[in-house]
Structures are given as C-alpha cells and as structure tokens.
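In what follows, chains are A, B, ... by sequence order, proteins preceding strands, each numbered from 1.
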Protein chains: 2
Amino acid sequence: MPVTIYDIASKAGVSIATVSRVFNESPRVSPSTRSNVLEVAAQLGYQPHATARSLARRKSSIVSAVIPMLTNYFFVEILRGLQDTLAKTEYDLLVFSARTLDEVDGQMDRALQRGQAAGILVFSSPMTPARVERLSKAKEALVLVDCFHAGLDSVTTNNVEGGNLATKHLLEQGCQRIALLMANPESVPARDRREGYVRALEAAGRAVEENLIVVSADEEHHGYSEKSGYDAMRQLLSVAEPPDGVFATSDVQAIGALRAISEAGLPVPDTIRVVGYDDILISQHVGLTTIRQPMYEMGVVAAKRLLSQVSSPTQVRAQTVLSPSLVVRRTTGGQSELAHTEVAQS
Amino acid sequence: MPVTIYDIASKAGVSIATVSRVFNESPRVSPSTRSNVLEVAAQLGYQPHATARSLARRKSSIVSAVIPMLTNYFFVEILRGLQDTLAKTEYDLLVFSARTLDEVDGQMDRALQRGQAAGILVFSSPMTPARVERLSKAKEALVLVDCFHAGLDSVTTNNVEGGNLATKHLLEQGCQRIALLMANPESVPARDRREGYVRALEAAGRAVEENLIVVSADEEHHGYSEKSGYDAMRQLLSVAEPPDGVFATSDVQAIGALRAISEAGLPVPDTIRVVGYDDILISQHVGLTTIRQPMYEMGVVAAKRLLSQVSSPTQVRAQTVLSPSLVVRRTTGGQSELAHTEVAQS
DNA sequence: ACAAAGAGTGTAAGCGCTTACACGATTAGT
DNA sequence: ACTAATCGTGTAAGCGCTTACACTCTTTGT
C-alpha cells in the first residue's frame, strides 16, 4: 500500500538507486531524470521512510533530551531554544522527562537506546561517576545542559557569578545580615550559588555566618520548593536577630520566604530585602528581584553544539558558560517594571 | 564495533533467530538457551538497535506530539500526563512545537514522516479541511488534544460548560453587566467559551449585550495575551457604563484586565469581579478566580487512546470530553486558598 | 512400537533505503 | 582518431533486526 522507491523507480523507468539519489540531492543525476522522478514521486505522494533511511545511513535524525522536572518554566524555555534551532535542520526532538533526579538514569538509558538518536542532551543532572561512565560508554554525541563535567561538552550558566551578583546587590542595598536559603546541597547549582554568596561576602570583608545559611532537607524538587523557602524563612525569623537580606537559590523558595515574612508582618523591602534566582514568570507579578538566566540562548547554543558534534565527531570539547543577570524589582526596593503588582495590592 | 545479535549468536552458539526470540520474549525458547543468551548479551553489553527493530517490525516505538506554543503552562501539564503514561510503555515521545498556529502545518508534516512514529497527537489546532485531509491521508493512529473534528479521536474539555460555569458564577455573585474578553474568534475554544457565556446569560433571562463583548484582534498568541486583556479592559472602562463582572477567555487576558482595572483605581472584587480561564500558575498568586481544566488527565487519556489505537487499529473512534471546574478566588470575593497573595500586599 | 503432535532451533527472506562498485556512453585531450 | 577522464545509471550488498517456514528431536497416545 505505502509507496516506496520501487514504485517510483518502475513507474519512472529508472532504478531505485537513481530515485534514492534524487532524494539525497546527489549531483550525479541528470536534470531531466531528476525532474521526471520528482514528478512521479509527487504524483504517487511518495514520502521517504524515516526509519529505513536512518538504518541505511547508520545515523538517526533524532536528538534526545533528558529533562528532569519538565514542569519548570526554566526547562520549557530552554526547550524552546532547542526546538527553534532544530526546526531549521532535519533533526527532530525526542523528549524524556524525569519527574525526579532518580528517574534520570532510567530515562537516560532509554534515550541512549542504540540507534535511536544521533545525539543526546542531558539537562540539570548531577554527573555521578555512574552517569559519566554510562554516557561515555555510549559514545554518542552529547551535550550537558545546566550541568557540568570536565571533558564533556556542556552549556551552563555561571551560578557562582549569579550568587555573587545577588549578594552584592543586597550588600549595595545596605543589608547587614544576609541570609542564604539553599536547596539541597547535592544540587550543584545550589552549591555554586552559595559559593558566589560566600565570595561576595568575603570580598566585602563580611564574615560568613553559618547560622544565616539554611540548607533545605526537603525531598520535593530537591529543596527547590515554595515550602522549603517558607520553612527556612520561618526558622530564620524565629531567632533573636533576624536577617535584613535574603538570597534564595530559587524564585520558588524566595516566594515561600516572602510568605513567611508577610505572615510575620514584616515589610518588604523596608525591613527585609529578598532576592531569588531564575526569574520564573510569577516573579514579575510578585515583584521579586532575581537573577535571570539566558534560558532560550542555552537551548540554542546546546542544539548548535550537539549538531556540530554530530557532523564532526572529532570536534574538540567545549564548555560554554553563559552569564546570568540581575533583575531588580520591588523586593529590593526597585521599581516593578510591571504594573501587575498593583493588582494583588487591591 | 557495536555489538549485534550476530555477535551474541556466534558467541552463544545459537542462531540469530534464537537471539531475537529471546529479546522478544518468545515462548518458543528453552529456558537454558534463554539464560545462556541473556548472559552472553549482558557480558557483551548488547542493546537492541531501535531503528533496525522498528524497520523489521514495521512499526515504530515513537509517538509524536504537535504542540503550538509550548511555552504555555497548559501544554506542559498535558505533556506531563502524556510522558508519565508513555514512560510505562515502550513508547517514546517526539515533540514538535510550533510557535504559531501557522507553523502547525509544517510541523505536522514532519511529524507525519512515514515510518517515523506509530501515532500522532495534535494539540489545540483548528481542524481546517486541509489538515483533516492531510491527517486522514496519513492513516496513522491519531488523537486530537484540545481540538475536535467529527470522526477523529479526540480528548477535549468542555469549553461551553467552562464558559457557562464562569458566567453563572458571576451571575450568582450578583453581577449585572458581565463583559466577555475574547481571544481571536478563529480559536475554537474561545468561541465555545463565548457560547457558554451566552447560554448562561440567556438561561438567566439576561440579554447579551454586544458592546460588552470585546474580541481581540491581536496576532500574538491569537489574542491569548496579557496585552490583549489589558487593551480590551481599557476599552470597556472608557464607556459610560462599565461592566461589574468580566469573564476572560484566558487567565493571561484576565491578568491584563486586572491591571487595567487597577490602573483605573477600581477595587476588585468590590466594583468589578473577574474570572479567567486555565488556572495557570500565576493565578493562584494573583488570587484569580478561574476555570481549571484537567490538563494532566488530558495527557493521560490522550496517551491511552493513542496506544489503544496503535494496538488495535480497528478501534472505534471516541471523543472524550472532560469537564472543567470552577476555582473561586479573591477576584470574585472568594478566599485565596493560598496565603501567597499577602506577599504582594506588603 | 509407531504415527502424530509439539517443542526448540535454524535458514532465509524480507523491512525500505543508501552507496560502493561496475559499466556503457559521452566528452575531452593530444 | 584513440585513449583517458567524466557523467549518468544500474546492480547488488548491506544496515540490524523479525518472522514464516522447515527441520530435527522428544513426547504422547494407542
């Protein structure tokens, strides 16, 4: 029933090799033959069979992305960059989403199915030795996105710089006691952001007070949750001398913290200033000062890197590090750039 | 280099057919042979070649989803349902995202690549005759998600019911002049929601006032945008007798409307009550009353339908219609179920 | 004890395409 | 005018797997 190159070949009076050449834009076909074949093909409504093609070419036209917690706005934005870039090529995108970091290994195995994809992108997953081993063994084109491992291609943002930016901003705002609300320490970005926080304090000649750092032990989303921020903030507010500045390793945590602060009746930004991380959609509406990552660009760069690896496997490895930027809003005394906030003030 | 069934066959002293049978759980293999083969395979680190398998089986283990405007929280949620359901099967998910509805056709063509996928899901795209034609010609398993066409499998929510719920709620709240902020009329869901609005008014014996209905002509996101809602609301507020209730066909529009209302200095919900549609994440924080669609379930149901079509092609067509539900929040006088809102009240 | 049935395995023919190699027909070079 | 290079095309061998069919042993029934 489905039409194959054989049907075209016989109807056009040529061999299947010639038909194949036409569809592969081979220069070794005479113009007349080409147009003849094309015409017959159009007439029959021919479409190349994707799978057969991949098999014969020994190369798939699919790229796989392993993404934990797809719900995150963060990933969706990166995905957009990816998609927009891939759409211009012949590659399609297979998405493997993991609900938790533990599911990543399973999804990675699926994504690494031999013959399935020409390359694979792994998002935001800590590079455990087992994973590195598994990934290198597969010998497939690979780009890490938002995570890092020496010797592997990666696209990340500079979390140390981000933590630094956030903390420096709070310092400049005159904060004296700056707390850190941290997600699970097994999260590398969280650790890096803390590193930036520590460096900023030290650069300013301030001591790092351990009791101002609250590390989440929440399982859910590895501590990147509203509840985690809320709980941490409650804890900070219960001590004798509460902080006057808070840097949370994510916006959701910051929003939780804001809730705790609001419940305690303390004014933001007057008594306490708050900075988050990510610039998720809500942040605009809440007026949360935050660190924004160039998500869309990450997707674009990652796709390009992967494609260039696919086309020239000998490619040197490269680590691309993009810089985050500070977005000042109401929670640190900035002007909300969006009138939205008023909405909720009614 | 890569290990194939031939390698296993020779090392295990059996034929490739037997190896294949082992990996296809055929019952016609003796237990001893099976375990022997399995052992050799493990030793060699064998992995079946996905593409070769698909070709030989004449059936892909991939499912494609064509999604316009993936950025929407709505789609991401459905995707989650899809993924979670597919993850339990052997199927993987190929995602084709279109930035606009016009790009849908192109992505649909890619998704319909012969041999690529075992089935395809098309999201929220108006079923033009050309599309219906294209989709039926492909003869692939197909499920429409959030869109509808007689004779095709589909999973939708009842938008008429949703519009009705929203409007009835406003009526019950005592609103006398209920405006409708509508997205582009070429969007079927928008039209259906209007239908529900109209019916609710008529059921209550109210007249439908055309000048209370503002239809967006915005290109961006087909009128499902913050700006569209803002502009429409401004227009409504500029007339002699402004509405005391507003139903917007999406939350983003409602949020734009709230901004306009807030700028005009009118209190919500006291003077104007607002209901949106979708229940996106921000809505909780803004305290927006809205109509919630069972997004995750849609994904689950769609995946199940598609899989059952794939396994039994003679399957009768079915249209699944899920019911939306009303979520009452601050903008119609309800209690915010989340303390979050206070955050922004500081 | 002998045919019939069944279990376990192998042989080989695809699946729909790509591509190395071979071959005849031009065209170019001298 | 004759060899060499070039062009356009066909032949056939895969790509790595599945599966119909055939075949050889065991079982089982009588």
Enumerate the residue pairs fulfilling salt bridge (charged side-chain N to carboxylate O under 4.0 Å, His left out) with a member in [range], sequence neighbours excluded, ordered by first and then second residue.
range	answer
residues 32-56 of chain B	none
residues 121-135 of chain A	A/Asp105-A/Arg131, A/Asp109-A/Arg134
residues 298-321 of chain A	A/Asp153-A/Arg305, A/Asp153-A/Arg317
residues 113-123 of chain B	none

Open item on the list: For a quick check, with a 4.0 angstrom heavy-atom cut-off, what is the B/S/- contact string for nucleotides 16-28 of chain C, read 5' to 3'?
Closed with: BBBBB--------
Task: For B/Ser187, side-chain contact (heavy atoms from CB on, under 4.5 Å) partners two or more places apart - done: B/Pro189, B/Ala190, B/Tyr224
Task: Any pair counted as ring pair (Phe, Tyr, Trp, His ring centres under 6.0 Å), so long as it reaches residues 87-122 of chain A, sequence neighbours left out - done: none
Task: Distance (rounded to the nearest 0.5 Å) between B/Ser54 OG and A/Gln116 CD - done: 7.5 Å
Open item on the list: Could you work out, with ring-ring contact (aromatic ring centres under 6.0 Å, His included) as the rule, every residue matching B/Tyr46, not counting sequence neighbours?
Closed with: B/Phe23
Task: A/Arg34 CZ - D/dT9 P separation (whole Å) - done: 10 Å
TODO: Ignoring backbone atoms, establish whether A/Ser30 has a side-chain N or O less than 4.0 Å from OP1 or OP2 of D/dT9.
DONE: yes
- [ ] Quantify the bending of the helix from C/dA1-D/dT30 to C/dT30-D/dA1 as the angle between its end axes, each fitted on five pairs, to 10°.
- [x] 30°
